[in-house]
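First the structure, in the form of structure tokens, and then the observations on it.
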Amino acid sequence: MPSYQAPLRDMRFVMDEMFDYPAHYASLPNGEDASPDVVSAILEEGARFAREVLLPLNQSGDEEGCLLEGGEVKAPKGFKEAYQQYVEGGWPSLAADPEQGGQGLPPSLAMMLSEMICATNLAWGMYPGLSHGAADALRHHGTEEQKAAYLTKLVEGVWTGTMCLTEPHCGTDLGLIKTRAVPVAGDAYAITGTKIFISAGEHNLAENIVHLVLAKLPDAPEGSKGISLFVVPKFLPDADGNPGERNGVTCGSLEHKMGIHGNATCVMNFDGATGYLVGPPNKGLACMFTMMNAARLGVGIQGLGLIEASFQNSLSYARDRLQMRGLSGKQAPEKTADPIIVHPDVRRMLLTQKAFAEGGRMLVLYTAQMLDVVEHGQAGEERDRAETLLGLLTPVVKAFLTEVGFESTNEGVQIYGGHGFIKEWGMEQLVRDARITRLYEGTTGIQALDLLGRKVLMSQGESLKVFTKEIHKFCKAEADNPDLKEFVEPLAKLNAEWGELTMGVGMKAMQDREEVGAASVDYLMYTGYVTLAYLFARAAKQASVSLAGEDKAFYAAKLNTARFYFQRLLPRTKAHAEMIQSGAGSLMAMSSEDFGLGFEI
């Protein structure tokens, strides 16, 4: 079974030394509750829960999977008991509003707990993870009656939530949905339709499941402008707010999946189920985006957690596994062969994992600060800036971290060699689990279109300028710092090139909109690499200052990892830049019927 220790030292470096989280928390309304002692206690206890409760269930949950019997789904053995411990520990309410029974702590703190959960048992973590998004959507768009009926239960964790979007005939294009909502008595609607790929759609962990469902009213406009959002519980609340009559929603089947076997991914049938409108009619997609944006950040954290898990186990294996001698001679002469960690190519893979884990953590915690300000900060210039950066970086967190997460877990299998391909070591499960993260909550291609098309070009580049100006100021301030020259000079050049690439795509897109789609994924990956370069440069600055004090090995390793990132990973931007500039011509030249097979299919 794979092992795991929460990377608390690195978390504290990023939170306390790089981004000054103590001062950040103190600046938030009621931020005094997130004191350093409280934060430390939460991280320590969260690490223990993830390691001792969730990790032992990860492989067994993958092997056992979920079972559907008589319309009821049973999660793998131990999942329900672990969930009860999670609820009893108060974890679901960590960052929720005290008015709904929450503890009122900043969202960023819950995101650190989420990394630990995802690293130890991604499938289990999806059950409570989706509930947070459902609660957010109801908090922002629900009526007072809906909040009273559902929100406190979701916050407490005694009920869980889902988001029901996709249907058999449509994925991302939600304007094609066929699920219908017909008005009945009072403010109720009869919801009829089928949804697929519904994570945690049916299970035995909680006493009720609250579905947020996209459907169309009888007089709805065509396309995405005619979508409404409804809350549809598994059990209708009775007069006391407890689960009452069974609603007309059932699990038709469980999907047979590549990974995340421990999570129930369901086909959900709504047969005249009673639902209630959330938000204005025909504005359901806008309401659902509250939940979807939270989910996208959550999926990025899933990528980060899997990178960290794969790295830790790869490192442990590479230190122990004996194979050949080092190219420069015996490195462990007392042994029959040298540990594989002495070999340059194994080090390349390990350092790739390490750089993406540490860089991803910096990206998540940088973005998390913006989320804290947006959710809890006072209206004004600082909040506006945070909202802009959060919008810009959310698709990067989601897509970039899941892309490099899949790469990193694959490298983990490679480091193990043939043993990585064998189930008992657990590395192949990380690859299978990581693969879905590039797909759900919007594929990498969809996130890339959101970044380049909506966030950057539709704002005339203004959202990007907010971020590139910050990078420019950092580079200018550190231009004469000899300790940072190797980081600042390439970063400054890339930051300038970033603007030029953006302008180039924008000019081409004025003549041909296909240019946006052709450039978008490379643009997102370029954005991710440059963003991590900025964060590693800041980490290098902090580490170079701290080298004079204690814990020199940690800071030296941080500098070396930054150096590796700049020398061995950041050059990938050159290829992405060339592909961005190559345009849409070769992609769009052939018709869909003429792909050169030479035979009919």
Side-chain angles (χ1 to χ4, degrees), residues 130 133-134 137 141 162-181 191-199 201 211-230 232 252 255 257 265-270 275 277-299 391 394-395 398-399 402-403 435-458 509 512-521 523-524 584 587-588 591-593 595:
L130 287 162
H141 306 291
T162 74
M163 51 195 300
C164 298
L165 287 73
T166 307
E167 300 185 6
H169 59 283
C170 70
T172 301
D173 189 357
L174 295 172
L176 299 176
I177 65 172
K178 296 179 179 178
T179 300
R180 288 291 181 264
I191 312 297
T192 301
T194 296
K195 299 289 185 177
I196 63 171
F197 305 156
I198 308 306
S199 301
H211 302 286
L212 289 184
V213 184
L214 292 183
K216 290 191 173 182
L217 296 167
D219 59 349
E222 291 294 321
S224 60
K225 293 182 179 180
I227 298 173
S228 298
L229 179 64
F230 299 85
V232 186
E255 306 286 3
K257 303 170 295 185
T265 306
C266 304
V267 174
M268 299 302 299
N269 295 321
F270 297 84
L277 184 66
V278 178
N282 304 322
K283 299 295 182 182
L285 203 55
C287 296
M288 184 63 90
F289 261 107
T290 301
M291 188 174 186
M292 290 169 66
N293 283 330
R296 287 171 176 176
L297 291 174
V299 175
T394 292
K398 195 283 179 188
T402 58
E403 288 291 326
R435 187 59 185 88
I436 185 59
T437 64
R438 298 168 64 199
L439 298 173
Y440 56 21
E441 309 309 336
T443 64
T444 298
I446 293 299
Q447 302 301 322
L449 283 172
D450 179 45
L451 173 67
L452 179 57
R454 291 184 66 245
K455 303 297 174 53
V456 176
L457 295 182
M458 284 184 67
D512 182 3
R513 293 297 296 172
E514 301 288 5
E515 292 289 342
V516 179
S520 59
V521 170
Y523 186 90
L524 183 142
L587 292 176
M588 308 307 294
S591 69
S592 60
E593 289 77 25
F595 262 66

Mind checking what makes salt bridge (charged side-chain N to carboxylate O under 4.0 Å, His left out) contact with R454, not counting sequence neighbours?
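Once residues adjacent in sequence are excluded, the partners of R454 under the salt bridge (charged side-chain N to carboxylate O under 4.0 Å, His left out) criterion are D450.
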Measuring from [X]:[atom1] to [Y]:[atom2], what's the distance to the nearest 0.5 Å?
X: L457; Y: R513; atom1: CG; atom2: CZ; value: 7.0 Å
X: L439; Y: I446; atom1: CG; atom2: CD1; value: 11.5 Å
X: T166; Y: I196; atom1: OG1; atom2: CD1; value: 6.5 Å

For [X] and [Y], which heavy atoms make the closest approach, and how far apart are they?
X: L130; Y: S199; answer: CD1-O, 3.3 Å
X: F230; Y: V278; answer: C-CG2, 4.1 Å
X: N269; Y: G252; answer: ND2-CA, 3.6 Å
X: M291; Y: A134; answer: CE-N, 3.3 Å
X: C287; Y: G279; answer: SG-CA, 4.0 Å
X: M163; Y: A295; answer: SD-CB, 4.3 Å

Do [X] and [Y] have side chains that get closer than 4.5 Å, going by heavy atoms?
X: N282; Y: L217; answer: yes
X: D512; Y: M588; answer: no
X: H141; Y: L229; answer: no
X: F289; Y: R296; answer: yes
X: L449; Y: S520; answer: yes
X: L524; Y: L452; answer: no

With C164 via side chain to side chain contact (heavy atoms under 4.5 Å, CB included) - residues at least two apart:
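T162, K195, I198, H211, V213, F270.
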Derivation and outcome, side chain to side chain contact (heavy atoms under 4.5 Å, CB included), residues T179 and T192:
CA-CA 6 Å; T179 300; T192 301; 6.0 Å; no
Determine whether a donor-acceptor pair (N or O, by modelled atom type, separation under 3.5 Å) exists between the side chain of K398 and the backbone of T443.
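No, because the side chain of K398 does not come within donor-acceptor range (under 3.5 Å) of the backbone of T443.
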Determine whether more than 12 heavy atoms belonging to other residues, nucleotides or ligands lie under 6.0 Å from atom OH of Y440.
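For Y440, atom OH is crowded (more than 12 foreign heavy atoms under 6.0 Å).
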Is it true that atom NZ of K283 has more than 12 heavy atoms of other residues, nucleotides or ligands lying nearer than 6.0 Å?
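Check fails, neighbour count at 12 or below.
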Steps toward side chain to side chain contact (heavy atoms under 4.5 Å, CB included) verdict (I227, K216)
CA-CA 5 Å; I227 298 173; K216 290 191 173 182; 4.2 Å; yes
Could you give me the CA-CA distance, side-chain angles and deciding distance for T394 and L297, then say whether side chain to side chain contact (heavy atoms under 4.5 Å, CB included) is met?
CA-CA 6 Å; T394 292; L297 291 174; 3.8 Å; yes
Determine which pairs satisfy salt bridge (Lys or Arg N to Asp or Glu O under 4.0 Å) with at least one residue from residues 168-181, sequence neighbours left out, and list them in order.
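Checked against salt bridge (Lys or Arg N to Asp or Glu O under 4.0 Å) - neighbours excluded - no pair reaches residues 168-181.
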Positive for side chain to side chain contact (heavy atoms under 4.5 Å, CB included) with V299, one of Q447, E441, R438
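Testing each of Q447, E441, R438 against V299, the sole residue satisfying side chain to side chain contact (heavy atoms under 4.5 Å, CB included) is E441.
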